[in-house]
Number of protein chains: 2
Amino acid sequence: MYEQLKLDNQLCFRLYTAARLIAGAYGPYFETLGITYPQYLVLLILWEKDQQPVNDIAKRLYLETNTVTPLLQRMERQGLVTRVKGEVDTRQRIVCLTEAGKAMEEQAKDIPNQLGAEVVKHVSADELKGIIPFLDKLIEGLRD
Amino acid sequence: MYEQLKLDNQLCFRLYTAARLIAGAYGPYFETLGITYPQYLVLLILWEKDQQPVNDIAKRLYLETNTVTPLLQRMERQGLVTRVKGEVDTRQRIVCLTEAGKAMEEQAKDIPNQLGAEVVKHVSADELKGIIPFLDKLIEGLRD
DNA sequence: TCGATTTCAGTCGTACACGACATAAAACAT
DNA sequence: ATGTTTTATGTCGTGTACGACTGAAATCGA
């Protein structure tokens, strides 16, 4: 039995599990809104700045375009966004919020704090603050 | 623009991204072995203790059985495990390593350290140590 | 300027991940 | 003992994720 092969010694497993469980904790909120976690991330990006090409959204999420494209197509079917041909660069597809997509920001604005309250039951806000730079360095380092 | 809705203020997005990027960093190693990241986790569990029912594996990974079952079926097709009916409780399916599955432990034993060396290029080993209890508390709290 | 290269978005195939549901077997209650 | 409930596993449908690849458009290079 190699010590380094124990599941409990794997940082990666903890990250993978924590990410899934937190996404799961968002579940009830997203169900109400009729969206999923990755769709929520796309909305966050578009609420910050509307009308972005697929590529910018994908890069921001560190996802491949072949993941983001179907995701956006589903969001378009649900009436949250539209995808219009770029005028300057016709290869691009510019993703724009619909009125329904814009309106959802009001519905979503309390979600982070409610989730935060849930999380802080288990870990202190200070610990939470400490984790952020660590994850940022990790992400930056593995970005490729 | 609600401050709490900025992507950069979301802990969850960092966890989600870090988990995906680390799993991606494992990619080349797994490709050599012909397995995936979740399959690797199952192998870790079985290398610790062979012959476990589906449910124990699922609980250990915090996954649903309807995720683990197909995963095990694929691993069976690849000749890494067998799934035999439980003798005490015939509802159970006991998952057993094949010789190929056991042999893979030798092939995998250096992966964690090699990955660790990669990660430590970007974050110190101390920071890494500090993150573990945080993630454990988070996971325990959200376990449900 | 025009052929080679790169970039943008997309399709396709495979593998998770999970909610809803199904089925059989074990455990429980009366 | 037998009907009810719970448990273990599984199927099915939907939605990510990503590698390999494609087609069209922009860019680059000689």
Side-chain angles (χ1 to χ4, degrees), chain A residues 13 16-28 30-42 52-59 61-78 80-81 83-95 144, chain B residues 12-13 16-28 30-42 52-78 80-81 83-95 144:
Chain A
F13 172 59
Y16 157 80
T17 302
R20 274 190 311 105
L21 293 183
I22 290 208
Y26 274 103
F30 292 154
E31 207 167 341
T32 307
L33 298 178
I35 58 176
T36 65
Y37 179 66
Q39 290 175 11
Y40 170 72
L41 295 180
V42 169
Q52 297 192 50
V54 175
N55 220 14
D56 288 15
I57 296 172
K59 281 200 164 61
L61 297 176
Y62 304 94
L63 287 171
E64 303 300 319
T65 60
N66 56 1
T67 296
V68 176
T69 291
L71 203 159
L72 291 171
Q73 290 169 338
R74 283 185 287 268
M75 292 178 76
E76 187 169 39
R77 260 181 265 133
Q78 292 178 254
L80 293 172
V81 300
R83 290 149 63 245
V84 302
K85 268 215 167 69
E87 293 184 356
V88 200
D89 186 335
T90 65
R91 290 172 304 180
Q92 291 184 333
R93 284 279 212 158
I94 311 297
V95 183
D144 289 346
Chain B
C12 181
F13 172 60
Y16 156 82
T17 302
R20 275 191 310 104
L21 293 184
I22 291 209
Y26 274 104
F30 292 153
E31 206 166 343
T32 308
L33 298 178
I35 59 176
T36 65
Y37 179 66
Q39 290 175 13
Y40 170 72
L41 295 180
V42 169
Q52 298 192 51
V54 175
N55 219 13
D56 288 16
I57 296 173
K59 280 200 164 62
R60 192 81 195 284
L61 297 176
Y62 305 94
L63 287 171
E64 305 300 320
T65 60
N66 56 3
T67 296
V68 176
T69 291
L71 203 159
L72 292 171
Q73 289 170 339
R74 283 185 289 269
M75 292 177 76
E76 186 168 40
R77 260 181 266 135
Q78 292 177 255
L80 294 172
V81 301
R83 291 150 61 245
V84 302
K85 269 217 166 69
E87 294 183 357
V88 200
D89 185 336
T90 65
R91 290 172 304 180
Q92 290 185 333
R93 284 280 214 157
I94 310 297
V95 183
D144 290 346

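Order of the sequence lines sets the chain letters (A, B, ...), proteins ahead of strands, with each chain counted from 1. All values reported here derive from a predicted model rather than from experimental measurement.
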- Task: With the side chain of B:Arg83 defined as its heavy atoms from C-beta on, choose the nearest nucleotide among C:dT11, C:dC18, D:dG10.
- Result: D:dG10
- Contacts of A:Thr67 and B:Gln73 projected onto DNA chain D by closest heavy atom; the upstream (5') one is B:Gln73
- Message: Any base atoms under 4.0 Å from A:Thr65, or only sugar-phosphate, or nothing? Heavy atoms, all strands.
- Response: base
- If each of B:Ile94 and A:Gln39 is mapped to the nucleotide of DNA chain D with the nearest heavy atom, which maps nearer the 5' terminus, i.e. the 5' end? B:Ile94
- Query: Has the side chain of B:Arg91 got a donor or acceptor that lies under 3.5 Å from a partner of the other kind on the base of D:dT7?
  - Reply: yes
- Query: Using a cut-off of 4.0 Å on non-hydrogen atoms, how would the nucleic acid contact of B:Arg20 be classed: base, sugar-phosphate, or nothing?
  - Reply: sugar-phosphate
- Note on the structure: Of D:dT9, C:dA15, D:dT16, the nucleotide closest to the side chain of B:Arg93 is D:dT9
- Task: Using a heavy-atom cut-off of under 4.0 Å over every strand shown, decide if A:Phe30 touches base, sugar-phosphate, or nothing.
- Result: nothing
- Query: Are any side-chain N or O atoms of A:Arg93 and backbone N or O atoms of A:Val54, one a donor and one an acceptor, separated by less than 3.5 Å?
  - Reply: no
- Which part of the nucleic acid, if any, lies within reach of A:Pro53 when heavy atoms closer than 4.0 Å are counted: base, sugar-phosphate only, or nothing? sugar-phosphate
- Item | Selected nucleotide, minimal atom distance to B:Asp89 side chain, candidates C:dA9, C:dA26, C:dA17 | C:dA26
- Message: By nearest heavy atom, map A:Val54 and B:Pro38 onto DNA chain C; which one lands nearer the 5' end?
- Response: A:Val54
- Nearest-neighbour nucleotide for the B:Asn55 side chain, C:dG10, D:dT9, C:dA17 considered: D:dT9
- Using modelled atom types only, decide if a donor and an acceptor are shared between the side chain of B:Arg74 and the backbone of B:Gln39 within a distance under 3.5 Å. no
- Message: Does D:dA17 have OP1 or OP2 under 4.0 Å away from a side-chain N or O of A:Tyr62?
- Response: no
- Task: Ignoring the backbone of A:Asn66, work out which of D:dT9, C:dA25, C:dG10 is nearest its side chain.
- Result: C:dG10
- Message: Once you measure the plane-to-plane angle for B:Phe30 and B:Tyr40, does it fall in the parallel (<30°), tilted (30-60°) or perpendicular (>60°) bin?
- Response: tilted
